[in-house]
There are 2 protein chains.
Amino acid sequence: MPREIDRRAARTRKALHEALLALMLRKGYEALSVQDIIDEADVGRSTFYAHYTGKEDLLRSGFQMLREELKEAQSVAPAGAEASHDDPLGFSTAMFEHAARYTDHYRTMIGGRGGAVTENEIRLALSEMVRQELPPTLHGDAIPRDFVVQFIVGAFLTTLNWWFERKPKLSPSQVDAMFRRLALEGLSHLMGDERRQVDLPAASRDTD
Amino acid sequence: MPREIDRRAARTRKALHEALLALMLRKGYEALSVQDIIDEADVGRSTFYAHYTGKEDLLRSGFQMLREELKEAQSVAPAGAEASHDDPLGFSTAMFEHAARYTDHYRTMIGGRGGAVTENEIRLALSEMVRQELPPTLHGDAIPRDFVVQFIVGAFLTTLNWWFERKPKLSPSQVDAMFRRLALEGLSHLMGDERRQVDLPAASRDTD
DNA sequence: TATGATAATGGACAGCTTGTTCGGGACTTT
DNA sequence: AAAGTCCCGAACAAGCTGTCCATTATCATA
């Protein structure tokens, strides 16, 4: 009886995952057929179904792997003062860095390319993380905790997408700083109650 | 030559749109086949393709109609102090009210049910609205305007989804207030620098 | 290295969806 | 009532899906 996983099976699975990743970057998840995937992976039709029940199964499997990778990265590198309840956005730094390391994977998940499945899955995972870091007592009861969680998750995912699509050159910590600033302090802190700079020269130093 | 649109054609189109709406609420856009739609609408196969090139075309057409409806509602009801540059979230109130009036339509678009097409479309439309209302000069140049826009759009869409899925009983103005509070003032305003309420009784008045 | 166990392959299968093409029939406009 | 539109039903090739099978290639281990 086999005590180790057969190398053939491992190779096949890896090929399928890589094919899925490549194709999702190119065409997006929903547009893919199983046919496309096995062609790209150069794997027989029946072989595919021997390992996964369909393309969604393959997708979930990949997501799962990435998720465990993240969990590991989080537990290994608390990076200074970990956990704690006084940083309601504790997850963000680690996440941005993880996203930077696995850009391709994250690109496939964010911004519509990943389909509804991934979208739900990632929202769920993120919500869980945020919920744990958010202090149990909010100021007054005017705003439900759950709403705050969803708000943050939505803003975060959008930020991730903006990063990838518009300013991929920025470092994780730069994006992290912007996100935290906006999420913590809010919009009003960016607006001039000070109108002094009205007629400053049009020297926008940003290329975009 | 016909100067008015044939009533039959109008009926067909309406039937198709209603069928699409109903099916999207039930199964989500991506899971639908043209077959499902024409069955639900009780319309011949060839008839469908006489009007639309495919299900995406039908979808876009519906989105377009709703969009025009919104534009009209906005121009008709400025509701107090309209336009202006000192309210960076001017769109939100009108949008929440529009969403309340067309709940079913919005439900199909938000939260994955609408597929990638709708998601992109609605993000684009919203981005445009936000961009116009955001003052051209932000405090310093540390945070790109474009990022702020995306941040708001993402947070807004998430808010919409949360409203529908979790607290559909709330009035538009209530949700609007929460959204504005969080977007404008940020998270930190919700956190206790005041720890006085630590041991308050566990009488959570909210059912959720 | 021999051998039994396991995985991969190619092919074939019915069932479904897609987009297109007809002619006959039903409805609307004028 | 006549002419102009629209709808229907049926049929079509093409593609994808999941599932079988017998055959061949690869593996783990004694």
Side-chain angles (χ1 to χ4, degrees), chain A residues 1-62 65 108 113-118, chain B residues 1-62 65 108 113-118:
Chain A
M1 57 197 72
R3 48 196 63 202
E4 311 211 10
I5 297 165
D6 199 310
R7 273 181 271 169
R8 291 169 293 180
R11 247 202 330 247
T12 298
R13 286 207 185 78
K14 191 174 161 207
L16 286 174
H17 275 120
E18 284 171 356
L20 179 65
L21 184 65
L23 287 174
M24 281 178 75
L25 282 173
R26 225 180 296 155
K27 304 174 54 179
Y29 173 75
E30 304 284 0
L32 291 184
S33 64
V34 173
Q35 197 65 45
D36 293 330
I37 301 175
I38 64 182
D39 284 353
E40 173 83 16
D42 197 25
V43 154
R45 177 164 204 72
S46 34
T47 306
F48 176 91
Y49 285 105
H51 287 277
Y52 304 99
T53 69
K55 67 171 183 166
E56 178 170 331
D57 191 24
L58 175 59
L59 177 68
R60 285 188 196 278
S61 152
M65 288 168 56
T108 64
R113 261 179 297 258
V117 179
T118 315
Chain B
M1 60 197 75
R3 51 195 63 204
E4 310 211 11
I5 298 166
D6 198 308
R7 271 181 274 170
R8 292 168 295 179
R11 248 205 323 255
T12 298
R13 288 219 251 285
K14 190 175 161 205
L16 286 174
H17 274 121
E18 284 171 356
L20 178 65
L21 183 65
L23 287 174
M24 280 177 74
L25 282 173
R26 224 180 298 154
K27 306 173 51 180
Y29 173 74
E30 304 284 1
L32 293 183
S33 64
V34 172
Q35 196 66 45
D36 293 330
I37 301 175
I38 64 181
D39 284 353
E40 173 84 16
D42 196 27
V43 153
R45 179 162 203 71
S46 39
T47 306
F48 177 90
Y49 284 106
H51 287 275
Y52 303 100
T53 68
K55 64 170 184 168
E56 179 170 331
D57 191 24
L58 174 60
L59 177 69
R60 284 187 196 278
S61 152
M65 288 168 55
T108 64
R113 262 181 297 259
V117 179
T118 316

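By convention in this document, chain letters (A, B, ...) are assigned in the order of the sequence lines, proteins followed by strands, and residues within each chain are numbered from 1.
Residue A/S46 is in base contact, counting any heavy-atom pair closer than 4.0 Å across all strands shown. Among the atoms of the strands shown, only primed sugar atoms or phosphate atoms (P, OP1, OP2) are found under 4.0 Å from some heavy atom of A/D42. Among the atoms of the strands shown, only primed sugar atoms or phosphate atoms (P, OP1, OP2) are found under 4.0 Å from some heavy atom of B/T12. Among the protein residues, A/T47 comes within range of the nucleic acid bases, having at least one heavy atom under 4.0 Å from a base atom.
The line from CD of B/E56 to OH of B/Y29 is 5.0 Å long, rounded to the nearest 0.5 Å.
Looking at B/L20 and B/K55, their side chains never come closer than 4.5 Å, going by heavy atoms from C-beta outward.
Closest approach to the A/A9 side chain among D/dC16, C/dA7, D/dA28 is made by C/dA7 (side chain taken as heavy atoms from C-beta onward).
The distance between atom NZ of A/K55 and atom C1' of D/dG18, rounded to the nearest whole Å, is 15 Å. Atom pair B/Y52:OH and C/dG19:C1' shows a separation of 17 Å (rounding to whole Å applied). Atom-to-atom, CZ of A/F48 to P of D/dC20 comes out at 16 Å; the value is rounded to the nearest Å. Following rounding to the nearest Å, A/K14 (NZ) and C/dA8 (P) show an atom-to-atom distance of 15 Å. The distance from atom CD1 of B/I37 to atom P of C/dT17 is 12 Å, rounded to the nearest whole Å. A straight line from CG of A/D57 to P of D/dT19 spans 12 Å, rounded to a whole angstrom. Distance CD (A/Q35) to P (D/dT19): 15 Å, rounded to an integer number of Å. As rounded to whole Å, 12 Å separates atom P of C/dT17 from atom CG of B/L32.
In this structure, A/H51 reaches the C/dA8 phosphate: one of its side-chain N or O atoms is under 4.0 Å from OP1 or OP2. OP1 and OP2 of C/dT20 both lie 4.0 Å or more from every side-chain N or O belonging to B/Y49.
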Decide salt bridge (charged side-chain N to carboxylate O under 4.0 Å, His left out) for B/E40 and B/R26; before the verdict, give the C-alpha distance in whole Å, the side-chain angles of both, and the deciding distance to 0.1 Å.
-> CA-CA 12 Å; B/E40 173 84 16; B/R26 224 180 298 154; 3.5 Å; yes
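Counting only distance, with no hydrogens or angles, the side chain of B/S61 and the backbone of B/D57 share no donor-acceptor pair below 3.5 Å.
Residue-to-nucleotide contacts include no donor-acceptor pair under 3.5 Å from the side chain of B/R8 to the base of D/dC7. You won't find any donor-acceptor pair under 3.5 Å spanning the side chain of B/R45 and the base of D/dG9, going by distance alone.
Exactly one residue among B/D39, B/L32, B/T108 makes a side chain to side chain contact (heavy atoms under 4.5 Å, CB included) with B/L23. That residue is B/L32.
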